[in-house]
Amino acid sequence: MYYGNAEGIIYHEGLLYFAAKKIRTLLILDLENMTYETELTGAQFEGKGTFNAQPDQIVYENYKRWIYFSEDGGSAPGVYVRDFEGTYRTVFEGISGGRYDGDETVGIALSPNRMKLYAGVSICFGAYTHLVFCTQQLASH
């Protein structure tokens with residue numbers, strides 16, 4: 001199989017997760033059983049916000065079994081989370097049509113105690129790119 005612009009690969013408990021940007025899909029490969037599942041990123045969305053641009057980097061959070069995604073492009077790039085049941089929610093995102101229109105969120109990381117999420121927003125100004133770093137306090141375990 002071919003999945004163009006695949007990014008954000010992670011492995012957890014026998015499953016390999018990665019995002020296919022062009023088709024906005026999360027792929028979950030079961031390496032033991034040699035099977036796979038696919039789902040459109042953000043298809044089952046709850047709350048405010050949108051996850052309708054390309055999924056980019058991903059980070060797996062072990063305790064709650066959540067996957068965090070950065071987003072490439074769109075009018076309001078942000079960071080989104082997928083719970084273990086497949087429901088997506090917004091962690092934070094730019095204002096649609098605002099200063100980050102067409103930019104991307106990059107480089108997701110969790111603090112060692114899993115209480116803070118860090119991400120950058122790549123801001124494009126012609127030939128120049130600037131990074132703005134964001135910190136989000138997460139709910140306690």
Side-chain angles (χ1 to χ4, degrees), residues 1-32 34-141:
M1 288 197 226
Y2 173 75
Y3 294 99
N5 296 92
E7 296 214 18
I9 191 166
I10 54 174
Y11 174 84
H12 182 72
E13 295 182 353
L15 300 176
L16 190 69
Y17 300 82
F18 68 93
K21 291 174 73 160
K22 281 194 180 230
I23 57 174
R24 298 178 180 157
T25 299
L26 174 66
L27 290 99
I28 306 166
L29 310 176
D30 184 328
L31 300 177
E32 185 176 316
M34 299 302 290
T35 59
Y36 70 96
E37 299 174 40
T38 63
E39 69 181 44
L40 293 176
T41 52
Q44 186 175 322
F45 201 88
E46 184 176 281
K48 294 182 178 182
T50 61
F51 186 19
N52 56 12
Q54 297 178 343
D56 203 352
Q57 299 301 305
I58 58 178
V59 170
Y60 192 89
E61 195 280 325
N62 294 329
Y63 182 76
K64 293 183 179 179
R65 301 186 325 220
W66 286 1
I67 299 174
Y68 292 91
F69 293 82
S70 64
E71 183 179 37
D72 188 354
S75 62
V79 171
Y80 304 89
V81 63
R82 175 194 182 272
D83 67 21
F84 66 94
E85 294 175 341
T87 301
Y88 291 79
R89 293 175 184 81
T90 300
V91 176
F92 67 84
E93 68 180 9
I95 296 169
S96 184
R99 122 181 235 181
Y100 303 112
D101 191 346
D103 295 329
E104 69 177 304
T105 49
V106 296
I108 303 171
L110 293 169
S111 64
N113 68 359
R114 305 298 207 213
M115 296 300 293
K116 289 186 180 178
L117 178 133
Y118 303 94
V121 179
S122 177
I123 304 170
C124 298
F125 295 106
Y128 301 100
T129 299
H130 294 79
L131 287 177
V132 175
F133 292 96
C134 306
T135 302
Q136 177 71 37
Q137 184 71 34
L138 301 175
S140 63
H141 297 299

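Heavy-atom basis, side chains included; hydrogens, waters and symmetry copies ignored.
For the pair Glu93/Pro77, no side-chain contact is recorded, criterion being any heavy-atom separation below 4.5 Å from C-beta on. Counting heavy atoms from C-beta outward, Phe69 and Thr41 have side chains that approach closer than 4.5 Å. Using a 4.5 Å heavy-atom threshold, the side chains of Glu104 and Asp56 count as touching.
To the nearest 0.5 angstrom, Thr38 atom OG1 is 7.5 Å from Ile23 atom CD1. With rounding to the nearest 0.5 angstrom, the OH atom of Tyr11 is 8.5 Å from the CG atom of Leu16.
Not one N or O on the side chain of Thr25 forms a donor-acceptor pair closer than 3.5 Å with the backbone of Leu40. Judged by distance alone, with hydrogens and angles left aside, the side-chain atoms of Glu71 form a donor-acceptor pair with the main-chain N or O of Ala53 at under 3.5 Å.
Screening Tyr68, Phe92, Tyr80 against Phe51 for a ring-ring contact (aromatic ring centres under 6.0 Å, His included) leaves a single residue, Tyr80.
If you check the side chains of Ser70 and Gln57, you find no donor sitting under 3.5 Å from an acceptor. The closest side-chain donor-acceptor pair between Glu39 and Tyr88 falls under 3.5 angstrom.
Here Glu7 pairs with Lys21 under the salt bridge (charged side-chain N to carboxylate O under 4.0 Å, His left out) rule; sequence neighbours left out.
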Open item on the list: Please evaluate residues Thr90 and Phe45 with respect to the criterion side chain to side chain contact (heavy atoms under 4.5 Å, CB included), reporting the C-alpha separation (whole Å), side-chain torsions for both, the decisive distance (0.1 Å), and the verdict.
Closed with: CA-CA 9 Å; Thr90 300; Phe45 201 88; 3.1 Å; yes
- [ ] Given side chain to side chain contact (heavy atoms under 4.5 Å, CB included), test Ile58 with Ile108 step by step and report yes or no.
- [x] CA-CA 7 Å; Ile58 58 178; Ile108 303 171; over 6 Å; no
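Comment: Asp83 engages Arg89 in a salt bridge, judged by a side-chain N to carboxylate O separation of less than 4.0 angstrom.
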